[in-house]
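In this text the structure is predicted, and so the values were computed from the model without any measurement. Protein chains get the first letters and strands the later ones, always in sequence-line order, with residue 1 at the start of each.
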Amino acid sequence: MAAPPSVIGRTTRVRGRITGEVDLDVQGFVDGEIAVGGDVTIDAHGMVGGGVRGRRLVVRGAVKGDLHGEEAIALEDGARVVGDVRAPRVAIAPGALVRGFVETGDGSGAPAKTSRAQPAARPAAAPPRVAPPAAKAHAVPAPSKPAEKSAPAAHAGNNAAASAGPRRPPPPVVPALKKAKGQIAKKKER
Amino acid sequence: MASTVIGAGITVEGEITTDEDVVVAGTVRGKLSAKESVTIEHGATVEADVSGGSLVVAGSLTGNVTANERVDLQSGARVIGNVKAARVTIADGAQFKGNVDMDV
């Protein structure tokens, strides 16, 4: 749109709601919600006491409220944000202060890198927690069999890992021990 | 150079208070208080009481207006409300309905 850029100037205070489909530059105070279809820039002198919604948000000032970007959010040096930050891409630069929940991606789907990294880290950390107690439990009655059992699981191809993987991580430590004991008991019977 | 611009496509619902110049090309509902000049451009819609140093209206304004210096209603302006200012001009082609108080 060829309209002049909208600016809330330094000494301007808006008490209420700002909506629209174009870009907005906030250099002053906005006591209320901002919801626009364009880009929103909160200047170093800008302060917003409400939620901010836009396509891309760039924050160098203060925001007390949730940030929601349809494409991206950049919190730059000097930004102070108290509230949740949600966008497909979120960048927090050194010097930016945030207190709140930060979520990249579109919630369910995980197109962003950070949201992939977290689930990847959890399964990697989970098996060791389950494995050591099982190994200890096995170690006393029959040292050789558990070694064989764990070895195939480790060497196993995708099929074995897929079948073993989903079973192991969900139960916490105590149920895992019970299962291990049960398995041992069966082995003893055999 | 105006420091606060409510551009076309932007709607402000609430109260705007400022020490700077204000240009409205979009929509304002509520109240607009400025100390310097206020310009309501052609195509803008303001449904608010407006106060300022001076006021130029080329768009649509519904509400009472108070200016310390002057109010100019330009051609194409559509104003419904009372106007209070030391000097008031209404250009040929401006629509206006309301009282005028020029501190006589």
Side-chain angles (χ1 to χ4, degrees), chain A residues 1-58 60-71, chain B residues 1-68 74 76:
Chain A
M1 296 188 185
S6 297
V7 182
I8 306 299
R10 269 209 201 186
T11 68
T12 298
R13 182 176 205 110
V14 176
R15 226 172 281 155
R17 186 178 151 84
I18 300 178
T19 54
E21 293 303 321
V22 293
D23 300 351
L24 180 67
D25 188 358
V26 179
Q27 301 170 359
F29 295 86
V30 177
D31 265 351
E33 186 188 347
I34 296 174
V36 297
D39 302 348
V40 179
T41 304
I42 314 277
D43 211 61
H45 295 91
M47 294 178 78
V48 179
V52 181
R53 212 169 241 279
R55 190 174 55 187
R56 285 174 291 187
L57 312 182
V58 178
R60 299 187 195 93
V63 179
K64 189 177 178 185
D66 297 349
L67 300 179
H68 191 287
E70 284 171 30
E71 286 185 13
Chain B
M1 176 61 190
S3 2
T4 291
V5 181
I6 309 301
I10 288 284
T11 300
V12 177
E13 290 169 332
E15 188 178 336
I16 302 174
T17 314
T18 183
D19 296 341
E20 307 163 328
D21 297 353
V22 179
V23 174
V24 180
T27 304
V28 174
R29 292 193 190 92
K31 191 175 175 187
L32 173 54
S33 306
K35 288 186 177 166
E36 304 295 328
S37 77
V38 177
T39 305
I40 298 173
E41 291 191 338
H42 183 71
T45 303
V46 176
E47 296 169 8
D49 292 342
V50 180
S51 64
S54 63
L55 178 71
V56 177
V57 182
S60 172
L61 167 61
T62 305
N64 297 327
V65 173
T66 308
N68 290 331
Q74 296 184 343

A.B. asks: Take a 6.0 Å sphere around CZ of A:Arg55 and say whether it holds more than 12 heavy atoms from other residues, nucleotides or ligands.
C.D. replies: yes

A.B. asks: Is there a donor-acceptor contact under 3.5 Å from the side chain of B:Thr4 to the main chain of A:Thr12?
C.D. replies: no

A.B. asks: To check you understand the geometry: which heavy-atom pair defines the closest contact between B:Glu20 and A:Arg10, and what is its length?
C.D. replies: OE2-N, 3.1 Å

A.B. asks: Please give me the minimum heavy-atom distance between B:Gly7 and A:Ser6, naming the atom from each residue.
C.D. replies: N-OG, 2.6 Å

A.B. asks: Show me the pairs that pass salt bridge (Lys or Arg N to Asp or Glu O under 4.0 Å) and involve residues 44-59 of chain B, at least two apart or across chains.
C.D. replies: B:Arg29-B:Glu47

A.B. asks: How many angstroms lie between atom OG1 of B:Thr18 and atom CD1 of A:Ile8, to the nearest 0.5 angstrom?
C.D. replies: 9.0 Å

A.B. asks: Which atoms of A:Asp23 are under 4.5 Å from chain B, going by heavy atoms: the side chain, the backbone, both sets, or neither?
C.D. replies: backbone

A.B. asks: With rounding to the nearest 0.5 angstrom, report the CD to OG1 distance, A:Glu21 to B:Thr11.
C.D. replies: 9.0 Å

A.B. asks: Out of curiosity, A:Asp31 CG to B:Thr17 OG1, how far, rounded to the nearest 0.5 Å?
C.D. replies: 10.0 Å

A.B. asks: A:Arg17: which residues meet the side chain to side chain contact (heavy atoms under 4.5 Å, CB included) condition with it, sequence neighbours left out?
C.D. replies: A:Thr19, A:Glu33, B:Glu13

